[in-house]
Colleague: 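Please find one structure pasted underneath; my questions will follow.
What you see is a predicted model; the values in this text were computed from it and never measured.
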Amino acid sequence: QEQLVESGGDSVQPGGSLRLSCAASGSGFSGNAMGWYRQAPGKQRELVAIISGDGSTNYADSAKGRFAISRDNAKNTVYLQMNNLKPEDTAVYYCYARRGVITWYDYWGQGTRVTVSS
């Protein structure tokens, strides 16, 4: 039974940096996408960054130039390096991972909180 566990969320000042980590348990993740979403209070969950099994990446416009997603398939882990954080980055960040080959299953972590305040 697969699950995702996030870590690295914290409270920082604007301009600070954080590195989020998410480890997936189980098999079948390496060839598929992993990523990060976030949800602010009263807002819809939105995509921040995603990385494919082959290493290609995609970012939300708000994250481009500031955030970097990476993965370590040997550890079933995805990372999000966040630099130059802004107050509008404040949200709960959720790890996402897709598992499978013929049939896909999507998994979500419980979330890690990021607070950026002046």
Colleague: I need the minimum non-hydrogen distance between Gly8 and Leu20, along with the two atoms involved.
Modeller: C-CD2, 3.5 Å

Colleague: Does Asp10 reach the main-chain N or O of Val114 with its side chain, forming a donor-acceptor pair under 3.5 Å?
Modeller: no

Colleague: Within a radius of less than 6.0 Å around CD of Glu88, do more than 12 heavy atoms belonging to other residues, nucleotides or ligands occur?
Modeller: yes

Colleague: Only one of Thr90, Leu18, Thr115 passes side-chain contact (heavy atoms from CB on, under 4.5 Å) with Ser11; say which it is.
Modeller: Thr115

Colleague: Determine whether Arg38 and Ser62 make a side-chain contact, defined as any pair of heavy atoms from C-beta on separated by less than 4.5 Å.
Modeller: yes

Colleague: Is the number of heavy atoms from other residues, nucleotides or ligands within 6.0 Å of CD (Gln39) greater than 12?
Modeller: yes

Colleague: Taking a hydrophobic cluster as the set of Ile, Leu, Val, Met, Phe, Trp and Tyr residues connected by side-chain heavy atoms closer than 4.5 Å, whether directly or through intermediates, do Ile69 and Val48 fall within one such cluster?
Modeller: yes

Colleague: Applying ring-ring contact (aromatic ring centres under 6.0 Å, His included), can you list everything that pairs with Tyr59, at least two apart in sequence or on another chain?
Modeller: none

Colleague: Between Val92 and Leu4, is there shared hydrophobic-cluster membership here, with clusters defined by ILVMFWY side-chain heavy atoms closer than 4.5 Å?
Modeller: no

Colleague: Has Gln13 got more than 12 heavy atoms of other residues, nucleotides or ligands less than 6.0 Å from its CD?
Modeller: no

Colleague: Under the ring-ring contact (aromatic ring centres under 6.0 Å, His included) rule, what pairs show up with a residue in residues 76-104, not counting sequence neighbours?
Modeller: Tyr37-Tyr96, Tyr96-Trp108

Colleague: Quick one: are Val78 and Ile51 in side-chain contact, heavy atoms under 4.5 Å?
Modeller: yes

Colleague: Quick one: does Thr112's side chain have a donor or acceptor within less than 3.5 Å of a partner on Glu6's backbone?
Modeller: no

Colleague: Which pairs with one or both residues in residues 66-85 pass salt bridge (charged side-chain N to carboxylate O under 4.0 Å, His left out), sequence neighbours excluded?
Modeller: Arg66-Asp89

Colleague: Which value, rounded to the nearest 0.5 Å, describes the distance between Arg99 atom CZ and Ser30 atom OG?
Modeller: 11.5 Å

Colleague: Cut-off 3.5 Å, side chains only: do Arg19 and Ser70 have a donor facing an acceptor?
Modeller: no

Colleague: Determine whether Pro14 and Lys86 make a side-chain contact, defined as any pair of heavy atoms from C-beta on separated by less than 4.5 Å.
Modeller: no

Colleague: Tell me, do Leu85 and Phe67 make a side-chain contact under 4.5 Å, heavy atoms counted?
Modeller: yes

Colleague: Any non-hydrogen side-chain atom of Phe29 less than 4.5 Å from a side-chain atom of Tyr107?
Modeller: yes

Colleague: If we only count heavy atoms from C-beta on, is the Asn32 to Met34 side-chain gap below 4.5 Å?
Modeller: no

Colleague: Using 0.5 Å steps for rounding, measure from the OG atom of Ser21 to the CG atom of Leu80.
Modeller: 9.5 Å

